[in-house]
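Scroll down for the structure; my scribbles are underneath it.
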Amino acid sequence: MTETGRPDAPNLADAAAHIRSAYVHIPFCARWCPYCDFAVVEGRDDSTDRYVRAVVSEIESEPAWGELGAIFFGGGTPSRLAPPLLGSIVEAVAERFGVADTAEVTLEANPEDWTEDLASGLVAQGFTRVSFGAQSFDPVVLTALGRAHTPDHIVRAVEAARSAGFSSVSLDLIYGTPGESMDSWARTVEKALGLEPDHLSAYALTVEPATPLGMQVRRGGAAPDPDLQADMWERAVAAAESACLVRYEVSNFAKPAHACLYNLGVWAQGEYLGFGLGAHGFRDGVRRRNVKRLDTYVERIESGLGAVQGTEVIGGWAAEIERLMLGLRRAAGVTSGAGGEALMASDSGKRLVDAGVVGLSGDRLVVTRPLLTDEVVRAVLALGEYP
Amino acid sequence: MPGDEDGRIAPASGTVQSGTSTLTTPGVFVTDQSRIRNFSIIAHIDHGKSTLADRLLERTGAITEREMREQVLDTMDIERERGITIKANNVRLEYTARDGASYVLNLIDTPGHVDFSYEVSRSLAACEGALLLADAAQGVQAQTLANAYLAVEAGLEVIPALNKVDLPAADPERVAEELVGILGGDPDEVLRLSAKTGLGVDDLFEKIIREVPAPVGSVEAPLRALVFDSYFDAYRGVVCYIRVVDGRISAGERLRFMASGEEYNANEVGFLTPRAVSVATLGPGEVGYLITGAKEIDRIKVGDTITSVAYQATAPLPGYSEPKSMVFSGLYPTDGDDFERLREALDKLRLNDASLHYEPESSRALGFGFRTGFLGLLHMEIVRERLEREYDLDLVATAPSVAYRVVKPSGEAIEIHSPQDLPNPGEVATVEEPYMRVMIISPSEYIGAIMDLVTNARGDMVNMTYLSPERVELVYHVPLAEVVFGFFDSLKSRTRGYASMDYEISGYRASDLVKVDILLNSVPVDAFSAVVHRDKAYEYGKKLVDKLRELIPRQLFDVPIQAAIGSRIIARETVRARRKDVLAKCYGGDISRKRKLLEKQKEGKKRMKMVGSVEVPPEAFVAALKVDD
Ligand SMILES: Nc1nc2c(ncn2[C@@H]2O[C@H](COP(=O)(O)OP(=O)(O)O)[C@@H](O)[C@H]2O)c(=O)[nH]1
Ligand SMILES: C[S@@+](CC[C@H](N)C(=O)[O-])C[C@H]1O[C@@H](n2cnc3c(N)ncnc32)[C@H](O)[C@@H]1O
């Protein structure tokens, strides 16, 4: 793996397929953000110990595997748990599978939870990377998103992470919140980059149907404007690049050697284990997903039933479609393969090339208008199975 | 026995002799004409024709309880769903009257919709009488009235009757007045029926026997029988429904169809009870079926006169004419590979529907398809639905157009069925369009609203008659093209559903018509062209362009939509390029969900028609139908 390589280098992107990684879901939140469709629970902090014990026992019952190169704690809000609790999970993983010395161990964190003690405690438990849910530096937008933190919280959180010794600090931003102007977004990007993060994720606000935001939009409330979001995306790309953050995926930017290894693995169809409620794993060509309810998850683990709710074998054409669907999100693109070749030989492929949406760079298929990636995948799907 | 179940013709088995001794003329062995009554029921949809027919069948024991299906006379699914009878059908009832004598009553069904008025007139030509049935709550509707006029013109004895008198909302006195206003007579004499309870059914039979004249054909004269309907049976070939006017028709005899000149053997003759009963001979005044072995329905024309080759009539019965297509639309398979399947499906539909006309055409936008002629919009919808449902075809239909007559400067006249075929302005002296005589019945308070609608539709008033102080009959001349495009819906909404309407062709008239073309991405799309009156062209162009902007999804680049007359652009809109079409975030948990979502979306994509480099949804091609929404 090229430690100093550009985040968008093809060899880095493809090599990530060989990273073994694990995802751990921590569902607890102080409050449920109105746009969020992840598996979360509000006001259940009384169950954290029991939950962590269940996760540890889920880890212990997973068949042995090789050494892991990345662990990702997502949420929910992992930063709600005390470092020793999270640490017990890291330890269980290390004991069961082994964790490489150079491994990336990430947690998602809410800025308002973050203190210097918490930060150094987490470093002591083996965390190397933190991803803050900053979302915006405009207080009005933060309120609209139902967030509890202020821009100041973000600034202090980043400083504390740095001084505690996190080797990679990332910020999540959301653009296109109804009411957010281009100017507000430009200032948010500028302030975020001013903190010199190693990594930045800029997500277009997505209206998920099963959320309060989804409900509001269905009732005729304001929805994000996709054209404005496209402008905002362009703005973020330009600003990030002048701050030496390279866009290596549709929504992700990093300094050299700071691309998120866990995500690179997922986009390269690498294998990962999933622990905790609602977590997904992908191993030996099988995708499996855990039950989504907290009580069900804990009870099933405690009674030795296992938490898997469903599995899906990903093979044949579905695997090829996923390879393109995931791989084309990356700036490095993918090797053409059966799907890419069929596309480039088809009329719809030619139209996409003419419209500047997709192109070949050597033997790699690369999306040149990343915001239209889904259209490219649909075009492959429309060719039919094994065209 | 195939075909038997639905009351159609089964293969002959156990031939039955016609009639009983009390019914036959001694020595001749055909039914005595004085004991025959032929009649049909004229009613608006839902006024209870089918229910009454069921009661008549039950009362005469024509069909057992077990065999009794709901609505015996309607046979095809789509007809049943829509409550419309496409094919006239007939049934022979034997009724013993109060005077003790037995009678043969032939009930001949008539289609209920104007699209099929030619068939109505043929069915009426097979009868001496008609029952005019009106819902006692709703009163007379325009189509009923139009058919009643047809019956009167054809010299039929028309018996007025009220149905649904059991309903609390029934107002028999008022509706009886209305019927008498139309047909004359005494309101107290108007029959009061309830098809639901059976009330009045015997009185109805007696009245038919008393008032409908018996047929008066000559049994000695050469055979003349009217073909009033036909259909294709997969086992028996073409089955004709016939009414013998003069002479006799016997199984085994050589027959000649006078209009088409075709000759066939009478393989089988008989009547329906509604079970098929095969007989040796049908005599004058009788109604029944004939099977000749003909395999193609267009060989046998509805309205034709059958005579015997051995003993030929000199003159045919009056009234034969070719049913004429009024509305044309291009039918194209969404998937170009289905062209042959579409042709086969149309060929099969035509076996049963001689009024369906089609010829191959090609469109730059839509590829290969068929320009198809229909009797009217309803006929068009039924055909399209059957093609899609029964033949599993995915179709794009272009906006319907009427037939225009183009007179060239040389004086030569041509008929065009598609706007694409309208020659350039330099090659046109005049364009003529078909006009309809439109009859509307409405509560009089809506006269103003109707006048307004008609003026908008370029129509003019012919006549106005008050049926009663509250109800008025209005007659107008309106271009068919306007009638086709939403006229009926507008009429319904302007009169809150109280007006009813009927129309018939009244001839061609010159109009100031122009062709409006639509350009997508600067390329004209032939399938969107329309012929429009010059005064309305600008508004039409603007509305259609607006509508298309809504219907055409955003593409990878900006798509200008323009409307033009010749090279002059009269309206323009742009469908802006789609810029963002990707999920912001795609992590482990989203992958399966996301793949399945894309798979579903791809189905929508496959429906699209590529027009040049623009993806157009099939609905867009009929957008012109909806420009008034
Ligand atoms: N109350 C009542 N309902 C009736 C009567 N005759 C028919 N109907 C109902 O009116 C509706 C339409 O009748 P149908 O025979 O299908 O009408 P068609 O369209 O003229 O054949 C059906 O729901 C019948 O049950 C009647 O005499 N009284
Ligand atoms: C699992 S969430 C983070 C949870 C953590 N509690 C926080 O609030 O930062 C990860 C990131 O996904 C993004 N995200 C979640 N829902 C989103 C949505 N509906 N549209 C766009 N981005 C979303 C946010 O930027 C969020 O920081």
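Letters go in sequence order (proteins before strands), and every chain restarts at 1.
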Is it true that, when you exclude B:Lys605 itself, more than 12 heavy atoms of the residues, nucleotides or ligands shown sit nearer than 6.0 Å to its NZ?
yes

Part of [X] within contact of chain B (heavy atom distance under 4.5 Å):
X	value
A:Gln269	neither
A:Asn263	side chain
A:Phe38	side chain
A:Glu312	side chain
A:Ile314	side chain
A:Asp354	neither
A:Asp37	side chain

Bottom line for B:Leu583: the part with an atom under 4.5 Å from chain A's heavy atoms is both

- Query: Are A:Phe132 and A:Glu108 close enough that some pair of their side-chain heavy atoms sits under 4.5 Å apart?
  - Reply: no

Hey, would you say the A:Phe275 and A:His280 ring centroids sit under 6.0 Å apart? no

Report yes if the distance between the aromatic ring centroids of B:Phe621 and B:Phe528 is under 6.0 Å, otherwise no. yes

>> Would you call the rings of A:Phe282 and A:Tyr272 parallel, tilted or perpendicular, taking 30° and 60° as the class edges?
In response: tilted

### Query
Which word best sums up how the rings of A:Trp185 and A:Tyr175 line up, parallel for under 30°, tilted for 30 to 60°, or perpendicular for over 60°?
tilted

**Q.** Any side-chain donor near an acceptor of the partner, B:Glu361 and B:Tyr332, under 3.5 Å
**A.** yes

Among B:Lys585, B:Gln555, B:Glu603, the residue with the most heavy-atom pairs under 4.5 Å to chain A is B:Lys585

